[in-house]
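Below is one structure; the comments refer to it alone.
FYI, side chains are in, hydrogens and waters are out, and symmetry mates aren't considered; it's all heavy atoms of this structure.
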2 protein chains.
Amino acid sequence: METDPELIQALHKQGSHLTRQRLLVLDILKEIPGHLDAGAIFQEAKKRDERISLATIYRSLAVLKAAGLVEENRLGEEHGHFETIQQAEHYHFTCLSCGRVIEFEATGIPEVVQELSGRENLMVTETYFNLRGYCPECQKIEQNT
Amino acid sequence: METDPELIQALHKQGSHLTRQRLLVLDILKEIPGHLDAGAIFQEAKKRDERISLATIYRSLAVLKAAGLVEENRLGEEHGHFETIQQAEHYHFTCLSCGRVIEFEATGIPEVVQELSGRENLMVTETYFNLRGYCPECQKIEQNT
DNA sequence: TTACCTGCAAAGGGTTTGCACTTTG
DNA sequence: CAAAGTGCAAACCCTTTGCAGGTAA
């Protein structure tokens, strides 16, 4: 493995190595937009590495998460979904009908968090703001029924 | 069962009956403050009904949820936690150290939801705003270490 | 070379389901 | 009485772990 010294650095801080499998998981998360779960990542990974195991996917995700390269979100319910860390903090809306996930930013959220953590003296390290409901398309479909 | 016609009504709308077991689950959620998971509800329920099964707890929770009497929340991660529906919408902070859950209100959140759903034409039916971090007590403990 | 990592298969924890019987309305 | 609900045990799904053999630095 001779890639991206920045990555190697991020992992090395945790005493972790940059392996072919971890790089693959990271590549998949970067290439495929959306919020993949471990199973979907596994399916995709198998296309490029026949022998990779689901256990490795889970272990890779754990390491990448610890290194701050990936974040996990349970979109209101269900099992874990993963995506690479992005510059701007954003949140998720999940359509209960078609399953589509819409990302959005909301400056009001950090404000609320800041106000609250000051008032209650909380040290907030993770913020989850997930909405669920119906997207514009699915609202139309229901009206036509 | 001869109790609370209001409850019977709420369940009847879904074609569901008010059974001894469902009433018991609801009573437990009302009596015990906090955010119980299915296992904890089961343990408590067994004290009052030796023969109740965990499957019934899950099925009861599903029915009560559908009837709008109970809500489920995955506090950022982990498995489901349940509580009875309350008048004021509130959110949750979970301490990563001691596990304590702090409830709070935040008028900024409905505002953000309303603004966003108008702008993006989303029909929002569920709002989850979960914070995780360290509570005041656990921050102190860490400083002393 | 020495940690660290992988694949495999088995185990784990939470949740759901099939079935025969019981209960509600 | 018909429809809905229950207990039990088995099944499921997602995730984690033990272990023997590989691999990164």
>> With a cut-off of less than 4.0 Å, is there a side-chain N or O of B:Q21 near OP1 or OP2 of D:dG7?
In response: yes

> Rounding to a whole Å, what distance do you find between A:I57:CD1 and D:dT15:C1'?
Replying inline: 13 Å

> Looking at DNA chain C, which of residues 42-53 of chain B put a heavy atom within less than 4.0 Å of it?
Replying inline: none

> Between D:dT6, D:dA25, D:dT15, which nucleotide has the shortest distance from any of its atoms to the side chain of B:R22?
Replying inline: D:dT6

>> Expressed as a whole number of angstroms, how long is the span from A:L54:CG to D:dT15:C1'?
In response: 8 Å

> Can you name the closest pair of heavy atoms from A:Q139 and B:N121 and give their distance?
Replying inline: NE2-O, 3.0 Å

>> Quick check against the 3.5 Å criterion: does B:T84 have a side-chain atom that pairs as donor or acceptor with the backbone of B:L26?
In response: no

>> How many whole angstroms separate atom NE2 of B:H79 from atom P of C:dT15?
In response: 6 Å

> Under 4.0 angstrom, heavy atoms only, what part of the nucleic acid is A:G39 near: base, sugar-phosphate, or nothing?
Replying inline: nothing

>> Quick check on C:dC4: is either OP1 or OP2 less than 4.0 Å from any side-chain nitrogen or oxygen of A:S16?
In response: no

>> Do A:I102 and B:L122 have side chains that approach each other closer than 4.5 Å (heavy atoms only, starting at C-beta)?
In response: yes

> Do you know which two heavy atoms are closest between A:G68 and A:I85, and how far apart they sit?
Replying inline: O-CG1, 3.2 Å

>> I'd like to check A:E115 versus A:E120 (side-chain heavy atoms, cut-off strictly below 4.5 Å). Are they in contact?
In response: no

> Does the side chain of B:Y58 get closer than 4.0 angstrom to OP1 or OP2 of C:dT16 through an N or O atom?
Replying inline: no

> Rounded to the Å, how far apart are B:H81 NE2 and C:dG13 C1'?
Replying inline: 13 Å

> Where do A:E83 and A:H90 land on the side chain to side chain donor-acceptor pair (under 3.5 Å) test, with the steps shown first?
Replying inline: CA-CA 12 Å; A:E83 62 185 306; A:H90 65 278; 3.1 Å; yes

> So, does B:H92 use its side chain to make a donor-acceptor pair with the main chain of B:N130 at under 3.5 Å?
Replying inline: no

>> Rounding to an integer number of Å, can you tell me how far A:L24 CG sits from C:dC5 C1'?
In response: 15 Å

>> Please report the distance, rounded to the nearest Å, between CZ in B:R74 and P in D:dC14.
In response: 12 Å

>> Can you tell whether the side chains of B:E50 and B:K46 come within less than 4.0 Å, N to carboxylate O?
In response: no

> So, is B:T19 close to the D:dA4 phosphate, meaning a side-chain N or O under 4.0 Å from OP1 or OP2?
Replying inline: no

Identify each atom pair where a protein N or O and an N or O of nucleotides 17-23 of chain D are less than 3.5 Å apart, giving names and distance.
residue	atom	partner	partner atom	Å
D:dG18	O6	A:R59	NH1	3.4

>> Looking at B:H12, I want to see if its NE2 is surrounded by more than 12 non-hydrogen atoms of other residues, nucleotides or ligands under 6.0 Å.
In response: no

> To the nearest angstrom, how far is A:L7 atom CG from D:dA25 atom P?
Replying inline: 11 Å

> What closest approach, in Å, do A:S60 and A:V25 show between heavy atoms, and which atom pair accounts for it?
Replying inline: CB-CG2, 3.9 Å

> Which one, D:dC14, D:dA25, C:dT15, comes nearest to the side chain of A:L18?
Replying inline: D:dA25

> Please give, in whole Å, the distance from C:dT23 C1' to B:L23 CG?
Replying inline: 15 Å

